[in-house]
Amino acid sequence: MKNVRNYWILSGIIIFFNIVAYVFIEGNTLLIISDLLPVVCAALSIMGVASVIYYLKTFDITKKVWLLMLIGLVFNFIAELLYFVFEVIQQRNMDDFFPSYADPFWIIGFVFFFASIISMIIYYLRSGMPHGKTQIYLIIIFSTIVLAILETNFLLLPIARDPETSFAQKAVSLFYPITDISIVCLSLIAMYIVNQFSKRLFSMPWILIALGYLFFTVSDLFYSYLSWQDEYSAGNIFDIGWNAGYLLIGLAGIYQFNLMKKIKEER
Amino acid sequence: MTAYENIITQKIYEIIAPYLGDLMAKGAIRSQCKKAGLDETKIQRHDLPVIAQNLAKAMNLFVGAENAQMLANKIKAL
């Protein structure tokens with residue numbers, strides 16, 4: 001469990017540094033930190049999830065689920081790196097460069113995240129394990145619908161109707177919040193499923209993954225809204241959600257690795 | 001630890017409960033027996049291979065194929 005503790009400490013230091021930077025640092029230094037931290041966090045998450053892939057020898061549903069997640073993270077890492085290069089190295093104004101070449105990578109990454117979590121849920125529901133209470137599923141779906149209606153009213157429709165926003169900008173601005181809602185729904189379902197396990201070591205990986213996606217969603221919603229309002233700039237406090245999301249998913253990989261190793265050692 | 005009157009059911013429970021927890025272990029035994037058309041209170045030794053395989057398949061997602069198979073082998077060997 002030493003690797004788990006070290007990863008928690010490292011994540012805590014990164015998030016603390018992130019907050020301190022947003023509060024005390026300004027200008028170009030903040031821009032560099034703000035664009036570099038997601039690259040670092042995405043790389044750490046890749047390492048965490050890759051450890052699971054490395055451990056799993058058989059190519060089955062478990063490996064498939066984690067591999068889909070890993071591919072999604074690699075696409076996100078490329079996107080974060082491109083964004084860093086465009087804004088920090090090439091010094092482009094990202095407000096005028098939206099959507100950027102990084103956005104297709106985030107979009108493709110999302111598709112893999114979606115495929116990963118839906119595969120996990122479908123497999124679980126078909127596995128014959130206890131599903132839990134149907135009411136909880138209905139509450140999650142109902143809450144998601146309410147959230148989607150609110151989001152449509154206050155964010156999606158205004159963006160779609162904005163005459164000053166180009167088609168490409170509208171498409172990308174709408175893509176993130178729409179798809180995030182589906183991820184929120186699936187994450188909450190996954191969280192409910194694994195919460196039924198009273199053994200935390202068993203449920204921890206999927207709780208962390210679900211939390212990671214929820215953090216992504218919150219940041220995506222703010223990003224879409226602020227970008228549309230032309231108020232998004234690097235060094236925004238809401239960026240922490242992306243960094244925390246990456247770190248939590250990486251941590252999930254470390255927990256999963258430890259769980260499998262522990263069971264193997266108990267043989 | 002939950003006590004099943006059926007000694008085989010109790011032993012299956014004792015193998016999987018440390019991983020799944022009390023509630024899920026009971027739920028898993030119940031649902032896998034139902035899936036196999038068995039009564040959880042009347043499991044016999046010749047039922048073990050099918051129950052073990054079903055449980056392994058269900059746990060695969062969380063512990064990986066090798067570990068799930070290892071648990072299945074423990075159940076089969078009861």
Side-chain angles (χ1 to χ4, degrees), chain A residues 51-69 116-133 190 192-207 209 252-253 255-267, chain B residues 1-4 9-41 43 47-78:
Chain A
S51 68
V52 180
I53 307 289
Y54 172 76
Y55 193 89
L56 292 166
K57 304 294 175 216
T58 314
F59 191 84
D60 57 358
I61 181 68
T62 316
K63 193 161 186 171
K64 187 181 144 195
V65 163
W66 284 93
L67 189 61
L68 287 168
M69 202 184 306
S116 167
I117 199 160
I118 195 103
S119 303
M120 178 264 181
I121 291 171
I122 290 172
Y123 184 85
Y124 181 85
L125 294 177
R126 285 179 178 172
S127 70
M129 292 288 268
H131 291 180
K133 293 176 183 168
Y192 172 63
I193 286 172
V194 296
N195 245 325
Q196 297 176 96
F197 296 104
S198 53
K199 298 288 172 186
R200 269 287 164 258
L201 186 64
F202 214 78
S203 56
M204 204 59 174
W206 284 95
I207 289 176
I209 288 166
Y255 267 96
Q256 183 68 35
F257 176 84
N258 278 4
L259 168 67
M260 294 187 299
K261 204 174 155 199
K262 187 174 178 270
I263 294 174
K264 198 175 182 180
E265 282 168 1
E266 284 173 0
R267 278 182 193 188
Chain B
M1 293 286 255
T2 299
Y4 283 95
T9 316
Q10 175 64 22
K11 282 184 177 171
I12 296 173
Y13 169 84
E14 283 168 11
I15 291 173
I16 61 171
Y19 305 103
L20 302 182
D22 176 60
L23 205 68
M24 279 301 267
K26 283 193 269 184
I29 291 171
R30 193 182 311 122
S31 55
Q32 297 305 340
C33 284
K34 199 177 166 189
K35 203 176 168 188
L38 300 167
D39 183 341
E40 63 180 303
T41 59
I43 298 175
D47 299 323
L48 288 173
V50 66
I51 294 174
Q53 276 323 112
N54 282 354
L55 277 169
K57 206 176 161 193
M59 290 179 74
N60 187 356
L61 185 63
F62 300 98
V63 297
E66 282 182 27
N67 287 326
Q69 196 52 51
M70 181 266 295
L71 292 171
N73 291 341
K74 274 189 182 175
I75 294 170
K76 278 182 198 168
L78 284 174

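Please read these numbers as outputs of a predicted model, since none were measured by experiment. Chain letters run A, B, ... following the sequence lines, proteins first, then strands; residues in each count from 1.
- Of the residues considered (D60(A), T58(A), I61(A)), D60(A) shows the highest number of contacts with chain B, using heavy-atom pairs under 4.5 Å.
- Rounding to the nearest 0.5 angstrom, the gap separating the NZ atom in K35(B) from the CE atom in M129(A) is 10.5 Å.
- Looking at heavy atoms from C-beta onward, E66(B) lies out of side-chain contact with Y55(A) at the 4.5 angstrom threshold.
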| task | For the pair M120(A) and L61(B), evaluate side-chain contact (heavy atoms from CB on, under 4.5 Å) and give the outcome as yes or no after the intermediate values. | result | CA-CA 7 Å; M120(A) 178 264 181; L61(B) 185 63; 3.9 Å; yes
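- In terms of non-hydrogen atom pairs under 4.5 Å with chain A, the most contact-rich of A25(B), A68(B), G21(B) is G21(B).
- In terms of heavy-atom pairs under 4.5 Å with chain B, the best-connected choice from F197(A), Y123(A), Y124(A) is F197(A).
- The environment of L125(A) atom CG is dense: over 12 non-hydrogen atoms of other residues, nucleotides or ligands sit within 6.0 angstrom.
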| task | With side-chain contact (heavy atoms from CB on, under 4.5 Å) as the test, would you mind laying out the steps for K262(A) and Y19(B) before giving the verdict? | result | CA-CA 11 Å; K262(A) 187 174 178 270; Y19(B) 305 103; 5.8 Å; no
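- Atom NZ of K57(B) sits in a sparse spot, with 12 or fewer heavy atoms from other residues, nucleotides or ligands closer than 6.0 Å.
- Other residues, nucleotides and ligands place no more than 12 heavy atoms under 6.0 Å from the OH atom of Y54(A).
- Neither the backbone nor the side chain of V52(A) comes within contact range of chain B; no heavy atoms are under 4.5 Å apart.
- Considering all non-hydrogen atoms of both residues, G27(B) and P130(A) come closest at C-CG, 3.3 Å.
- By the neighbour-count criterion of 12 heavy atoms within 6.0 Å, atom NZ of K64(A) is sparsely surrounded, having that number or fewer from other residues, nucleotides or ligands.
- Distance CD1/I263(A) to CZ/F62(B): 11.5 Å, rounded to 0.5 Å.
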